[in-house]
Amino acid sequence: NSDLILYVNLELVNRKSNRRYVVQEMLGQGTFGQVAKCWDAETNNYVAVKVIKNQPAFYQQAIMEVSLLSLLNEKFDPDDQHHIVRMLDFFLYHNHLCIAFEMLGNNLYELLKRNNLRGLQMKYVRTFSRQILDALIVMKDAGIIHCDLKPENILIAPTVKTAAGVKVIDLGSACMEGKTIYSYIQSRYYRSPEVLLGYPYTTAIDMWSFGCIVAELFIGLPLFPGASEYDVLSRMIEILGGQPPDDLLREAKNTGQFFKHVGSIYPGSETRNGAGSAYRILSEDEIEARESKRPKVGRWYFPRGRLDRLIFTYPWKNFTEENLPDAEKADCLALVDFLRGLVEFDPNK
Ligand code: ADP
Ligand code: MG
């Protein structure tokens, strides 16, 4: 990986900035910079060019994005079969690092919004999930943690040969497994328990985010839309019916922000595997007493209740557990089972 980073830096010195790309319109902007739809006068194609802010920290992280993506594209997915965006070019322009990507369509959050946040049909949930999982398996094989998997970073790919396709984008927060640097990563709704609690993390954190995304594709709304980290964690406990295992809580750095150590195991504290716990999550009042400002909430439209109920009855499907047709029921049961394996508190599982 350090060889790759060196190579990218050397390449940048050699590549003269050029007038090959003509900006047409803005596609999006994020913390790292802006993404423009451009006409590539050399290939006569549209491309998406990400223009990185010209500040050292963003530059360094973008070098990482270029390095990891070229590794993924060239070594792990040479035939473009695994639903990872293709990088076409990178160069410096007026001191901005620029990365040219193949042009893709809307992101999945935009798709959900167009559907009035009512979720997608199961067949699309299935297709998209399989494709995202395909990308994640390749990243795991490459030892790369994406660190920011969310609907905004999954794009409709019109060029994929199957009827409906998606690709994973934005390696802008990614890192190599075993060389993790940052502790404040992942977007809050998709943040894994180990990152919230401050526990060493692996590619398993992408699997957590993936579970959150699969659920959201079906119900149309985020699974754990917490207004604060505490809110996210308490929603996890409510929806999944259980809490992170004591081994994790004992070793994680931030446990004290969310849990009270109650010493010996107390009644009613069973985790999902049936073991008791020596920790209890703080009450809202206890959190309020600690925090000067109360978390902002617009809770009314956020999912609540157990995972299976959310999937079975949530909310636009107009079904209750009683009147759910058999075919639909089998699909929902399979989805709940699949999700259970993904939004699993124990990263080793
Ligand atoms: P950031 O790191 O700032 O989040 P992204 O790489 O995620 O940058 O790009 C930001 C947004 O720009 C994306 O959410 C998407 O809407 C749009 N975008 C990025 N890459 C492409 C692409 N290859 N084709 C079309 N749109 C893109
Ligand atoms: Mg992004």
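The structure displayed is predicted, hence computed values, not measured ones. Starting from 1, each residue takes its place in the sequence as its number.
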* Locate the shortest heavy-atom distance separating Q243 from Y279; write the atom from each residue and the value. => NE2-O, 3.1 Å

* Do the side chain of D246 and the main chain of A278 share a donor and acceptor less than 3.5 angstrom apart? -> yes

* Going by the angle between their ring planes, with limits at 30° and 60°, are Y230 and F258 parallel, tilted or perpendicular? -> parallel

* Mind telling me whether Y124 and F128 have parallel, tilted or perpendicular rings, with 30° and 60° as the class edges? => tilted

* **Joint hydrophobic cluster, I185 plus M207, side-chain heavy atoms closer than 4.5 Å** => no

* To do: For L196 and E229, work out which heavy atoms get closest and say how close.
  => CD2-OE2, 3.3 Å

* Shortest non-hydrogen separation from L72 to A142 and the atoms involved -> CD2-CB, 3.8 Å

* To do: State whether Y46 and K37 meet the cation-pi test: NZ (Lys) or CZ (Arg) under 6.0 Å from the six-membered ring centroid, and within 45° of the perpendicular axis.
  => yes

* To do: Please report the closest heavy-atom contact between C175 and T180, naming both atoms and the distance.
  => SG-CG2, 3.9 Å

* Shared hydrophobic cluster for I181 and I145 (ILVMFWY, side-chain gaps under 4.5 Å) -> yes

* Structure fact -> Heavy-atom closest pair (Q257 atom, L282 atom, distance to 0.1 Å) is O-CD1, 3.7 Å

* **Exceeds 12 heavy-atom contacts within 6.0 angstrom, atom CZ of F76** => yes

* Can any side-chain N or O of R306 pair as donor or acceptor with the backbone N or O of L240 at less than 3.5 Å? -> no

* F58 ring centre to K53 NZ or CZ under 6.0 Å, with the angle to the axis within 45°? -> yes

* For M103, the option from L27, V49, V47 that meets side chain to side chain contact (heavy atoms under 4.5 Å, CB included) -> L27

* Would you kindly confirm whether L197 and V195 end up in one hydrophobic cluster when ILVMFWY residues are joined by side chain heavy atoms under 4.5 Å apart? => no

* **Donor-acceptor side-chain pairing of T43 and D40 below 3.5 angstrom** => yes

* Asked: Do the charged groups of D134 and R130 touch, with an N to O distance under 4.0 Å?
  -> no

* **Candidate list I84, L104, I132, test side chain to side chain contact (heavy atoms under 4.5 Å, CB included), partner K167, passing option** => L104

* To do: For atom CG of N44, decide whether the heavy atoms of other residues, nucleotides or ligands shown that lie under 6.0 angstrom number more than 12.
  => yes

* To do: Decide yes or no on side chain to side chain contact (heavy atoms under 4.5 Å, CB included) for F312 and L324, but give the supporting numbers first.
  => CA-CA 8 Å; F312 269 54; L324 198 63; 3.5 Å; yes

* To do: Measure from NZ or CZ of R191 to the centre of the six-membered ring of Y184, then state whether that distance is under 6.0 Å and the direction lies within 45° of the axis.
  => yes

* To do: Heavy atoms only: give me the nearest L155-N107 pair and the separation to one decimal.
  => CD1-CB, 3.4 Å

* Might you work through the ring pair (Phe, Tyr, Trp, His ring centres under 6.0 Å) test for W208 and Y190, ending with a clear yes or no? => CA-CA 7 Å; W208 180 278; Y190 310 92; over 10 Å; no

